[in-house]
Amino acid sequence: MTYSEICKRLEAVGIEDPSHEAAILLCHFCPVPREELPFRRNEDFSSPELASAVKKREARYPLQYIIGEWSFCDESYRVGEGCLIPRSETELLVMRACELLPRGARFLDLCTGSGCIAVSVLKRRPDCTAVGVDVSAMALRYASENARRNGVTDRVTFTEADILDPTVPEKLFSDGGFAAILSNPPYIKCSAASELEPELSFEPALALFGGEDGLVFYRAAVSGFLPYVMKGGFALFEIGYDLGEDMRKLCAENGYECKVEKDLAGLDRLVYVKL
Ligand code: GLN
């Protein structure tokens, strides 16, 4: 199988950037330096692993799960079925959190998934510590491995808990206070399920959908968790581009003022609540 052939096969199934993805697959499974690919377009690199990987990708199985790792904030994360693939949009939350966290802060990462938010923040802020919470034991196995990979194990603990369970906030906060809550919870509206890219059907539904209005997890976080955050602290949420107004309302209903911030594409992306 050649680089040209892989590009064509991926293009034929509607993959947006076939040559980029073909290069990632080829370089992952065969010992060829990426910069040489343009000159070796028609060289045969056949291997059973590569053949099976291309076949999976043709079926729109996520590239990130095929190679088993993905880059987020310049760090490498292990990913696989059972945890959400870290998205580049979420890097904005990490950058803002690093600016906002006070010295020596302990923060809570709700719906931590692969652990990418907690781990990337801790990597940039060696003075901070964190607790990551997720309902999925499988996701937490990835989170622990990602903390190890990125050298922050001694400053993070991961806890399996359902943030929709109203008894959970008190239990979590009984071990000590938190200066901030960071969270990129599942926020896709269930009604949007049929319009999604085929790749998303391989990611855990539990990590994608936030109920009919996309707000289920924000509601639990705002009403159940924010009251426990230290005075002078903050919460920072990633939101779907269409949730800015709803979040303003939700915060106001609970007695909080919030600021909705846009991403580089000009879309509502972050909600900052000062406490
Ligand atoms: N916090 C993780 C991330 O940003 C997982 C989010 C989720 O499961 N919805 O990738």
Side-chain angles (χ1 to χ4, degrees), residues 62-65 68-98 107-124 130-147 149-150 152 156-164 168 172 178 180-190 192-193 196-197 199-211 213-222 225 235-243 247 261 263 269-271:
L63 176 71
Q64 297 87 337
Y65 287 171
E69 62 185 350
W70 200 240
S71 155
F72 176 81
C73 285
D74 286 334
E75 279 107 41
S76 162
Y77 285 82
R78 285 282 301 161
V79 293
E81 281 184 32
C83 81
L84 192 84
I85 298 160
R87 305 297 207 265
S88 55
E89 297 94 282
T90 308
E91 295 178 344
L92 184 63
L93 188 152
V94 171
M95 299 309 152
R96 283 292 283 136
C98 289
F107 68 87
L108 187 57
D109 175 16
L110 295 179
C111 306
T112 194
S114 65
C116 63
I117 294 177
V119 171
S120 292
V121 170
L122 291 177
K123 188 113 202 207
R124 283 160 183 75
V131 174
V133 180
D134 204 281
V135 71
S136 156
M138 228 215 274
L140 290 178
R141 278 198 288 277
Y142 283 99
S144 300
E145 191 181 337
N146 286 325
R149 261 190 166 218
N150 291 293
V152 299
V156 64
T157 50
F158 292 107
T159 303
E160 188 181 331
D162 180 359
I163 70 159
L164 301 182
V168 164
L172 278 171
F178 291 97
I181 289 179
L182 310 181
S183 184
N184 172 30
Y187 57 67
I188 301 176
K189 295 177 182 167
C190 291
L196 301 175
E197 292 289 321
E199 282 80 358
L200 273 81
S201 67
F202 297 99
E203 291 187 85
L206 215 56
L208 293 171
F209 298 105
D213 59 3
L215 297 176
V216 166
F217 294 95
Y218 300 110
R219 223 173 259 123
V222 171
F225 286 75
L236 193 61
F237 297 103
E238 177 174 318
I239 57 162
Y241 70 94
D242 55 349
L243 294 178
M247 277 301 275
E261 299 180 11
D263 61 17
R269 184 61 65 194
L270 289 183
V271 169

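When a ligand or atom number is given, it counts from 1 through the structure's own listing order. All values derive from a computational prediction rather than experimental measurement.
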### Query
Considering only heavy atoms of P186, which atoms of ligand 1 have at least one such atom less than 4.0 Å away?
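What qualifies from ligand 1 is 9 (N).
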
### Task
Could you tell me which atoms of ligand 1, counted from 1 in the order shown, lie closer than 4.0 angstrom to a heavy atom of T90?
4 (O)

Tell me the contacting part of [X] for ligand 1: side chain, backbone, both, or neither, using a 4.0 Å heavy-atom threshold, strictly below.
{"X": "T112", "result": "backbone"}
{"X": "S183", "result": "neither"}
{"X": "L84", "result": "side chain"}

### Task
Go through the steps to decide whether R87 and E238 satisfy the test salt bridge (charged side-chain N to carboxylate O under 4.0 Å, His left out), and finish with yes or no.
CA-CA 11 Å; R87 305 297 207 265; E238 177 174 318; over 6 Å; no

Does the [X] side chain pair with the main chain of [Y], one donor and one acceptor, at a distance under 3.5 Å?
{"X": "N150", "Y": "S76", "value": "yes"}
{"X": "D162", "Y": "V135", "value": "no"}
{"X": "N146", "Y": "S114", "value": "yes"}

Checking a contact table here: which protein heavy atom is nearest [atom], and how many Å away?
{"atom": "atom 10 (O) of ligand 1", "result": "C116 SG, 3.4 Å"}
{"atom": "atom 5 (C) of ligand 1", "result": "C111 O, 3.4 Å"}
{"atom": "atom 4 (O) of ligand 1", "result": "N184 ND2, 2.8 Å"}

### Task
Please list all pairs passing the salt bridge (Lys or Arg N to Asp or Glu O under 4.0 Å) test where one or both residues lie in residues 112-124, with sequence neighbours left out.
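Qualifying pairs: E75-R124.
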
### Query
For residues Q64 and Y77, is any side-chain donor paired with an opposing acceptor at under 3.5 Å?
no

### Task
Using heavy-atom distances, let me know which of P204, S120, A207 sits nearest atom 8 (O) of ligand 1.
A207

### Query
Please walk me through it: do Y65 and F202 pass ring pair (Phe, Tyr, Trp, His ring centres under 6.0 Å)?
CA-CA 9 Å; Y65 287 171; F202 297 99; 8.1 Å; no

